[in-house]
Amino acid sequence: MSFDLESGERSSVTGAHDLWPSGFEFLDDSRLVWTADDDGRHRLRLQSLGEDDARILTGEGCVKAWCPRPNGEGVLAVIDSFDAPADLFLVGLDGGEPQRLTELNKELTDTRDLAPGRSVTFEGADGRAVQAWEHKPPGFDASKRYPCLLWIHGGPLGSYRDEFHARWNAALYAAAGYVVVAVNPAGSTGFG
């Protein structure tokens, strides 16, 4: 929120949405960059003051840390995903694909078969849509049977996100031969 010390008026800076911004920084007097959980990801957004909508700058994965470039022409961001540990990216303000600047774990990840999760949606209680991440073992064969791990996080705060997490890394369990279904029930962060 913005609060005018002279008039006492306040207004929303990040527009009309139901997300929970977790960090923001002004690029100049009229624009700011902020992050929030959104649909199982942690995305970076560009917001112009006075506008309700913010431009989404990152799609897949989770933005872990970020810093606007001094020239105001982009944002340096640390991004990871289910199948890729964190690396540094240059994120343009035009909403194009982030440019990877580092590949710190390439030697290791090239020798592993970590499949990305697949976002699925199904109907839950009261007809509400529920999102989940599905992870299948490398070389998955639909004609075979696999053990399944059903993950439902505690909450309501939090969500399973497209991130390379040290504790909840479904891709590692899938690599061990499990089908993993990680459910984000109603009330999960980033789902309204």
Side-chain angles (χ1 to χ4, degrees), residues 1-82 86-99 101 117 119 121-133 152-168 182-192:
M1 300 296 286
S2 172
F3 184 76
D4 186 312
L5 295 175
E6 291 180 15
S7 69
E9 289 184 36
R10 62 183 173 171
S11 60
S12 173
V13 174
T14 56
H17 60 78
D18 57 5
L19 300 176
W20 186 348
S22 61
F24 70 92
E25 188 166 334
F26 283 90
L27 297 176
D28 51 41
D29 289 342
S30 64
R31 301 176 306 160
L32 69 145
V33 177
W34 55 277
T35 57
D37 281 354
D38 179 21
D39 198 29
R41 296 162 181 90
H42 195 73
R43 293 181 169 142
L44 185 67
R45 288 177 157 72
L46 174 65
Q47 180 82 43
S48 293
L49 297 181
E51 294 184 11
D52 278 342
D53 291 331
R55 174 183 290 154
I56 296 173
L57 299 179
T58 58
E60 304 301 313
C62 282
V63 174
K64 299 294 184 149
W66 53 275
C67 176
R69 293 185 64 198
N71 61 12
E73 295 180 7
V75 176
L76 293 174
V78 176
I79 304 174
D80 66 3
S81 62
F82 287 124
D87 271 311
L88 186 62
F89 289 79
L90 176 59
V91 181
L93 301 180
D94 61 357
E97 191 69 27
Q99 176 188 351
L101 301 177
S119 180
T121 304
F122 58 92
E123 186 176 319
D126 299 325
R128 294 183 70 175
V130 176
Q131 187 267 351
W133 291 103
I152 304 174
H153 66 78
L157 184 61
S159 61
Y160 288 117
R161 304 183 306 186
D162 180 12
E163 67 182 321
F164 198 87
H165 196 285
R167 181 176 176 197
W168 299 111
V183 181
N184 282 313
S188 295
T189 309
F191 291 91

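Just the heavy atoms: all of them, side chains too, but no hydrogens, waters or symmetry mates, feed the values below.
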Within-4.5 Å side-chain heavy-atom neighbours: L44 and V91: yes

Sidechain-backbone polar pair: D80 side chain, A86 backbone, donor-acceptor under 3.5 Å: no

Any donor-acceptor pair under 3.5 Å from D126 side chain to R128 backbone: no

Beyond-backbone contact of F82 with E163, side-chain heavy atoms, under 4.5 angstrom: no

Separation of Q99 CD from L88 CG (nearest 0.5 Å): 10.0 Å

G8 to F3 - nearest heavy-atom pair and separation: O-CE1, 3.4 Å

Nearest non-hydrogen partners of V130 and G124, listed with the distance: CG2-CA, 3.8 Å

Carboxylate-amine/guanidinium contact R161 D37, below 4.0 Å: yes

W133 side chain vs Y160 backbone, donor-acceptor pair below 3.5 Å: yes

Minimum side-chain heavy-atom gap R31-F26 below 4.5 Å: no

Sub-4.5 Å side-chain heavy-atom contact between L76 and W66: no

Distance (rounded to the nearest 0.5 Å) between I56 CD1 and L46 CG: 11.5 Å

Min side-chain heavy-atom separation N184-H153 under 4.5 Å: yes

Criterion salt bridge (Lys or Arg N to Asp or Glu O under 4.0 Å) on E60 and R41, from CA distance to verdict: CA-CA 7 Å; E60 304 301 313; R41 296 162 181 90; 3.3 Å; yes

Straight-line distance of L32 CG to S48 OG, nearest 0.5 Å: 8.5 Å

Between H42 and S22, a side-chain donor and acceptor under 3.5 Å: yes

Nearest heavy atoms of P185 and V183, plus distance in Å: CD-O, 3.2 Å

Closest heavy-atom pair and its distance - L57, P98: O-CG, 4.2 Å

Closest approach of R43 to G59 (non-hydrogen atoms, all atoms of both residues): NE-O, 3.2 Å

Side-chain heavy-atom pair I79, F164 within 4.5 angstrom cut-off: no

Flag, side chain of S188 to backbone of S159, donor-acceptor distance under 3.5 Å: no

More than 12 heavy atoms from other groups under 6.0 Å of CG on D4: yes

Any P21 side-chain heavy atom under 4.5 Å of R45 side chain: no

Sub-4.5 Å side-chain heavy-atom contact between R69 and L90: yes

